[in-house]
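Since we're looking at a predicted model, the values are computed, not measured.
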Amino acid sequence: MKVLDEVIHQYLEAHITLKETADKTIEAVFLNPSYFRIDKMTEDDRSDFIIYIYPKIQGIIKTYNPKISSFGTYLTSFVSSMLRSWLKMNYKKQAQVKAIEDYAFSEFAINVADSEPEYEVEKSRSLKLDSEIPATLKRYLRSGLKRIPDSTKIMLLALKSEYFLNSSHIEKLQRMTGIPEEKILDMFLLLQVHLYKKKRTYDHHKELQNKSYIMKKRSNLLLDSAEENSCFFEQLKKTKEYHDSLWKKHTESLKKLKICIPSNTEITKILDITTDQIRRLQKHIKDIVESM
């Protein structure tokens with residue numbers, strides 16, 4: 001390629017610096033994607049790939065020997081090698097993430113494949129409100145819907161708070177509700193299955209948010225060293241703006257995903273009560289809290 005021959009000639013004759021040579025070289029790669037066989041990539045992937053190889057360009061220029069090949073041929077070989085490494089790295093990462101997610105989901109599914117948890121509530125429907133039960137909880141049990149067993153009302157609170165509970169809470173739930181521990185654990189396991197897709201979506205947006213943040217920071221650092229008003233500088237600027245907008249978009253998406261609190265629909269599948277009943281119980285809870 002003529003432009004690369006001119007660039008490397010200027011460098012070898014000491015007319016331009018190593019950094020200037022690297023900037024002109026990466027600009028040639030950016031402007032001639034078909035020559036370097038990266039034209040089939042999406043624009044986003046191509047920008048990420050160019051940013052990926054840019055820090056290595058100066059080292060390649062230093063090791064170039066004009067007696068062995070033209071600079072264009074040498075650079076094409078380097079880009080081809082880096083592209084294989086970049087694609088392999090990305091595919092491997094994607095495969096690992098997918099394998100972990102599929103394995104986790106299958107493990108959840110196997111544990112609850114036989115049936116959804118079944119448990120027997122207290123026949124009297126009302127629990128003995130002893131000293132172990134806090135006063136606010138007693139008030140909630142007394143003011144709630146009488147047709148719903150106390151144990152179900154307590155499990156509603158527990159399942160809604162699933163994210164914050166540990167093994168000691170499970171033991172306390174067993175004492176308070178009379179439901180066997182293994183049945184309580186089954187309910188939490190089933191809830192995790194229902195929440196899996198939501199958490200998977202959250203993790204996906206979190207990964208994209210992190211990637212966008214890293215890419216915009218990397219682009220910003222490269223902007224400080226790139227030649228202003230060059231095509232590569234403008235591409236870096238656009239790439240930074242693109243990843244900045246993506247980062248904001250994924251940040252907003254994460255705010256909307258409430259993975260810590262199960263939805264009423266998810267709870268109904270476990271406790272066999274309606275969403276309307278759950279809303280009415282939640283209203284009782286809200287009234288109690290507001291009156292405190």
**Request:** Without swapping roles, check the side chain of Ser161 against the backbone of Phe164 for a donor-acceptor pair under 3.5 Å.
**Result:** no

**Item:** Min side-chain heavy-atom separation Met155-Ile184 under 4.5 Å
**Value:** yes

**Prompt:** Listed by chain and number, what are the ring pair (Phe, Tyr, Trp, His ring centres under 6.0 Å) partners of Tyr242, not counting sequence neighbours?
**Reply:** none

**Prompt:** If every non-hydrogen atom of Gly72 is compared with every non-hydrogen atom of Asp5, which pair is closest and at what distance?
**Reply:** N-OD1, 4.5 Å

**Request:** Answer with yes or no whether the hydrophobic clustering places Ile51 together with Leu83; edges join I, L, V, M, F, W, Y residues whose side-chain heavy atoms lie under 4.5 Å apart.
**Result:** yes

**Request:** Verify side chain to side chain contact (heavy atoms under 4.5 Å, CB included) between Leu165 and Lys172, making sure each step is shown before the conclusion.
**Result:** CA-CA 11 Å; Leu165 303 186; Lys172 194 168 185 177; over 6 Å; no

**Message:** Are Met89 and Leu208 connected into the same hydrophobic cluster when the rule is that any two of I, L, V, M, F, W, Y join if their side-chain heavy atoms are below 4.5 Å apart?
**Reply:** no

**Message:** How about NZ on Lys24, more than 12 heavy atoms from neighbouring residues, nucleotides or ligands closer than 6.0 Å, or not?
**Reply:** no

**Asked** Which of parallel (below 30°), tilted (30 to 60°) and perpendicular (above 60°) describes Tyr52 and Trp86?
**Response** tilted

**Asked** Got Asp48 and His243 here, is their nearest side-chain heavy-atom distance under 4.5 Å?
**Response** yes

**Request:** First locate atom CG of Leu75, then atom CE of Met82, and finally report the distance between them rounded to the nearest 0.5 Å.
**Result:** 11.5 Å

**Complete:** Residues Val7 and Ile16: closest non-hydrogen pair is O-CD1, 3.7 Å

**Item:** Spacing of CD belonging to Glu162 relative to CD belonging to Gln192, to within rounding of 0.5 Å
**Value:** 5.0 Å

**Item:** Hphob cluster co-occupancy, Ile214 + Trp247, side-chain heavy atoms under 4.5 angstrom
**Value:** no

**Message:** Within a 6.0 Å radius of atom NZ on Lys62, are there more than 12 heavy atoms belonging to other residues, nucleotides or ligands?
**Reply:** no

**Prompt:** Shortest non-hydrogen contact from Thr152 to Leu271?
**Reply:** O-CD1, 3.9 Å

**Prompt:** If we only count heavy atoms from C-beta on, is the Leu254 to Gln209 side-chain gap below 4.5 Å?
**Reply:** yes

**Request:** Check whether any side-chain N or O of Ser77 sits under 3.5 Å from a backbone N or O of Thr73 as a donor-acceptor pair, and report yes or no.
**Result:** no

**Complete:** Separation between OG (Ser85) and NZ (Lys88), nearest 0.5 Å, reads 7.5 Å

**Fill in**
To the nearest 0.5 Å, atom CD of Glu171 lies from atom CG of Leu173 at 10.5 Å

**Request:** Please report the shortest heavy-atom distance between Arg46 and Pro33, naming the atom on each side.
**Result:** CD-CB, 3.9 Å

**Message:** Using side-chain heavy atoms (C-beta onward) and a distance below 4.5 Å, is Lys160 in contact with Gln282?
**Reply:** yes

**Request:** Following the transitive rule for hydrophobic clusters with a side-chain heavy-atom cut-off under 4.5 Å over Ile, Leu, Val, Met, Phe, Trp and Tyr, establish whether Phe188 and Ile278 coincide in one cluster.
**Result:** yes

**Atom pair CD1/CD of Ile26 and Gln58 - distance to nearest 0.5 Å** = 11.0 Å

**Option from Asp23, Thr25, Thr21, Val29 for which side chain to side chain contact (heavy atoms under 4.5 Å, CB included) with Ile57 holds** = Thr25

**Request:** Might you point out which heavy atoms bring Ser212 and Leu246 nearest each other, and give the distance in Å?
**Result:** OG-CB, 3.4 Å

**Message:** Could you go through Asp203 and Glu207, starting from their C-alpha distance and side-chain angles, then the distance that decides it, and tell me whether this counts as side chain to side chain contact (heavy atoms under 4.5 Å, CB included)?
**Reply:** CA-CA 6 Å; Asp203 291 340; Glu207 183 179 353; over 6 Å; no

**Request:** Using the six-membered ring wherever Trp is involved, compare the ring planes of Tyr64 and Phe71 and label them parallel, tilted or perpendicular (cut-offs 30° and 60°).
**Result:** perpendicular

**Prompt:** Can any side-chain N or O of Asn32 pair as donor or acceptor with the backbone N or O of Ala28 at less than 3.5 Å?
**Reply:** yes

**Prompt:** Taking side chain as C-beta onward, heavy atoms only, is Ile8 less than 4.5 Å from Pro66?
**Reply:** no

**Request:** Check step by step if side chain to side chain contact (heavy atoms under 4.5 Å, CB included) holds for Leu156 and Gln277.
**Result:** CA-CA 11 Å; Leu156 167 63; Gln277 288 174 318; over 6 Å; no

**Request:** Compare all side-chain heavy atoms of Val79 with those of Phe49 and state whether any distance is below 4.5 angstrom.
**Result:** yes

**Non-hydrogen atoms of Ile179 and Ser151 that approach each other most closely** = CD1-CB, 4.2 Å

**Message:** Applying ring pair (Phe, Tyr, Trp, His ring centres under 6.0 Å), can you list everything that pairs with Tyr11, at least two apart in sequence or on another chain?
**Reply:** none

**Message:** Please evaluate residues Arg84 and Ser81 with respect to the criterion side chain to side chain contact (heavy atoms under 4.5 Å, CB included), reporting the C-alpha separation (whole Å), side-chain torsions for both, the decisive distance (0.1 Å), and the verdict.
**Reply:** CA-CA 5 Å; Arg84 287 195 297 271; Ser81 175; 4.0 Å; yes

**Prompt:** Counting distance only, does the side-chain N/O of Ser80 pair as donor-acceptor with the main-chain N or O of Thr76 below 3.5 Å?
**Reply:** no

**Asked** About how many Å separate CG of Asp150 and NZ of Lys153, when rounded to the nearest 0.5 Å?
**Response** 5.0 Å

